[in-house]
Amino acid sequence: MRSDLIKKGPTRAPHRSLLKAMGITESEMKKPFVAVVSAKSDYIPGHKHLDDIAEEVKAGIRNAGGVPFEFNTIGVCDGIAMNHKGMKYSLCSREIIADSIEIMLTAHPLDAVVFIPNCDKIVPGMLIAACRMNLPSVFVSGGPMLPGEKDGVRYGLSEMFEYVGACASGKITEKELAEYEDSCCPTCGSCSGMYTANSMNCLTEAIGMGLPFNGTIPAVYAGRRRLAKTAGERVMYLLENDIRPKDIITKKSFENALTCEMALGCSSNTVLHLLAIAYEADIPVNIEVIDEISKKTPQICKLNPAGKIFITDLNEKGGIPAVMKELSKKGIINTDCLTVMGTVGDRIANAKDADGEIIHTVDNPLRQDGGIAILKGNLAPEGAVVKQGAVAPEMMQHTGPARVFNSEEEANDAILAGKIVAGDVVVIRYEGPKGGPGMREMLSPTSAIAGAGLDKEVALITDGRFSGATRGASIGHICPEAAAGGLIGLVEEGDSITVDITNRTLTLNVADDVLAERKKNFKMPEKELSGYLKRYSKLVTSASQGAVFEK
Ligand SMILES: CC(C)(O)[C@@H](O)C(=O)O
Ligand SMILES: [Mg+2]
């Protein structure tokens with residue numbers, strides 16, 4: 001046992017005395033020690049209840065003969081961090097989470113791990129750690145929140161952000177805004193749409209590291225507790241049979257996750273996170289591979305923010321196993337992949353058939369290609385990302401004048417003040433991984449545009465990223481970013497920009513000699529940085545590499 005490093009032999013008497021100080025008995029000393037890595041936090045609605053989940057996990061570990069030890073990680077609620085300096089600390093928390101788990105699992109050697117994430121960056125942070133440590137591991141997330149409801153209409157955090165724009169443009173009153181605020185988030189759990197947290201939890205299931213329905217059973221259902229207990233029991237089986245993350249996370253299981261990402265219309269952030277996990281696991285997945293899978297995968301689900309279907313609906317119609325079953329009919333799922341419980345084929349054998357409404361059939365998909373597209377062009381030679389499944393048909397091809405802003409705040413103020421008009425292409429730059437630093441999510445500006453009723457007439461492009469709750473012609477992750485010398489830094493007010501999502505291009509319609517002249521006179525704006533962000537800005541790679549730290 002790995003934990004024997006601190007348990008066995010006369011030299012470990014001091015170590016055992018410290019273990020005994022925590023109540024560990026002689027008989028427990030002979031059993032496997034299992035880490036329960038929970039991101040419990042009183043300050044994240046998606047994590048508020050994770051102590052309950054951790055208790056079930058520990059019961060499952062004990063049921064199966066292990067000794068659980070819990071430790072915690074940090075976590076950022078992107079909703080609370082949104083639209084202020086706090087969001088600069090969101091993406092970069094992913095690397096801290098991964099590194100802090102490496103520290104704990106090495107300083108305190110344990111034999112196996114159950115990971116309990118829920119919200120956006122905690123899931124990939126823990127998946128990166130699982131690949132790095134490669135100890136037998138199972139993931140069980142906290143589960144999604146139930147959707148909000150007012151006057152018989154369901155809604156999520158996506159609409160809540162849009163109501164701010166609706167209120168600013170006089171479409172709803174402040175009293176109505178307050179009523180929406182009261183009913184939007186009725187339970188704990190990750191926000192109710194196919195936003196980043198739920199996207200990542202569904203993909204954890206698709207890649208095989210979570211049990212069936214890990215991505216979709218609501219946080220407040222008893223089924224979530226049973227899932228947690230089963231995860232605790234299951235990790236002991238994986239330990240006994242020496243099944244490790246790198247036996248499960250392979251090129252083929254990555255293809256399954258990417259195929260599900262496209263079929264589900266996941267958050268654009270999943271591109272960043274899957275690239276980062278692949279990098280950690282040494283699996284050759286890059287932006288081109290993602291684009292290839294996007295081109296051949298039909299989108300068969302369309303959830304909020306692209307519509308009024310929520311994760312709880314997907315759960316009732318058979319969840320990810322049913323989605324994978326339907327996709328397998330097209331031959332685009334690798335059914336022989338191993339998971340933490342059985343093969344993907346076993347899961348499909350027990351899955352429901354697509355209902356045709358929540359989960360469309362592959363013969364009658366919502367679109368022939370995937371929910372996410374990679375765009376390239378002079379503005380994004382290394383790629384840009386759009387959640388095309390949430391773009392209005394009239395915005396799939398759009399040319400308009402650039403309205404240039406050097407920060408999210410400047411753009412948001414202009415939109416809320418009514419300064420952006422139909423036809424405009426809002427450009428928000430110096431918000432990339434290096435330039436922000438931290439690659440903030442532009443949910444407030446995209447929601448202000450949608451809330452003002454301009455989402456069918458205005459496009460937004462940025463070297464920052466988006467929330468999973470963003471909809472509309474919002475093109476992010478422009479690489480290279482402005483702070484790395486990308487062309488987005490040379491765009492001037494009024495320049496013509498063409499966003500052609502159908503043909504997957506992003507073009508600045510300005511002659512090369514004019515751009516060469518601008519480049520000569522260009523001066524990079526300076527930002528005063530300190531603390532972790534200063535270090536992060538120096539170390540982080542581009543979004544098309546997953547915004548990772550190089551190994
Ligand atoms: C706050 C949200 C909705 O979680 C967002 O940060 C996302 O990325 O989906
Ligand atoms: Mg987010």
Side-chain angles (χ1 to χ4, degrees), residues 39 41 43-48 74-94 97 117-125 141-148 155-164 180-181 184-185 187-204 215 219 261 264-274 276 303-306 310-311 371-372 385-387 389-390 408 431 433 436 438-448 450-451 462 464-472 474 476-477 543 546-547:
S41 166
Y43 206 6
I44 310 182
H47 292 208
K48 178 83 180 158
I74 60 161
V76 170
C77 169
D78 281 15
I80 293 172
M82 196 68 69
N83 195 223
H84 56 87
K85 190 181 176 197
M87 181 51 79
K88 297 188 180 197
Y89 287 84
S90 161
L91 180 61
C92 64
S93 71
R94 187 186 68 188
I97 290 166
N118 211 24
C119 290
D120 301 18
K121 254 58 63 185
I122 300 92
V123 192
S141 63
M145 186 186 278
L146 295 178
Y155 64 104
L157 196 72
S158 158
E159 288 90 337
M160 196 61 234
F161 270 92
E162 289 180 15
Y163 293 142
V164 174
Y180 281 119
E181 172 187 320
C184 181
C185 300
T187 70
C188 62
S190 45
C191 291
S192 55
M194 189 52 91
Y195 312 150
T196 308
N198 293 333
S199 295
M200 285 308 300
N201 288 318
C202 287
L203 298 185
T204 302
E261 174 195 41
L264 291 165
C266 283
S267 161
S268 50
N269 283 319
T270 54
V271 171
L272 272 180
H273 300 322
L274 290 176
L303 280 79
N304 185 266
F310 293 86
I311 299 288
I372 293 176
V385 178
V386 60
K387 193 205 256 194
E408 178 195 354
E431 289 287 2
M439 205 183 180
R440 289 192 287 186
E441 287 181 353
M442 302 295 139
L443 178 60
S444 291
T446 60
S447 302
T462 179
R465 63 195 176 99
F466 299 110
S467 157
T470 283
R471 63 186 178 93
S474 308
H477 307 207

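When a ligand or atom number is given, it counts from 1 through the structure's own listing order.
In summary, the side chains of Ser90 and Arg465 do present a donor paired with an acceptor at a separation below 3.5 Å, with no hydrogens or angles considered. Side-chain atoms of Ser199 and Ser267 include no donor-acceptor pair closer than 3.5 Å. Inspection of the Glu431 and Thr462 side chains reveals no N or O donor paired with an N or O acceptor under 3.5 Å. Between the side chains of Ser158 and Asn304, not a single donor N or O lies within less than 3.5 Å of an accepting N or O.
Each of Lys387, Glu441, Lys121 was evaluated against Asn269; a single residue qualifies, Glu441, per the side chain to side chain donor-acceptor pair (under 3.5 Å) test.
Near Ser467, the atoms of ligand 1 lying under 4.0 angstrom from a non-hydrogen atom of the residue are 2 (C), 3 (C), 5 (C), 6 (O), 7 (C), 8 (O), 9 (O). Ligand 1 places these atoms under 4.0 Å from at least one heavy atom of Gly79: 1 (C). Annotation for ligand 1: atoms under 4.0 Å from non-hydrogen atoms of Asn269 are 8 (O). Listed by number with element, the atoms of ligand 1 under 4.0 angstrom from any heavy atom of Asp78 are 1 (C), 6 (O).
Contact between Ser444 and Met82 at its shortest, heavy atoms only, is OG-CG, 4.1 Å.
Where the criterion is an N or O separation shorter than 3.5 Å, residue side chain and backbone included, Tyr195 fails it with respect to ligand 1. When only interatomic distances are considered, the shortest N/O to N/O separation between Gly468 and ligand 1 falls below 3.5 Å.
Using a 4.5 Å heavy-atom cutoff, the side chains of Glu408 and Asn83 are in contact. Put simply, the side chain of Ser141 does not reach to within 4.5 Å of the side chain of Met200, judged on heavy atoms.
The atom of Glu441 nearest to the Mg ion (ligand 2) is OE2, with the search restricted to N, O or S atoms. Among heteroatoms of the N, O or S kind in Asp78, OD2 lies nearest the Mg ion (ligand 2). In terms of distance to the Mg ion (ligand 2), the nearest N, O or S atom of Asp120 is named OD2.
Nearest to atom 8 (O) of ligand 1 among the protein's heavy atoms is Thr196 OG1, 2.5 Å. When hydrogens are left out, the protein atom nearest atom 6 (O) of ligand 1 is Glu441 OE1, 2.7 Å; that is the closest non-hydrogen contact.
Proximity of Asp120 to ligand 1, defined as any heavy-atom pair under 4.0 Å, is confined to the side chain (atoms from C-beta onward).
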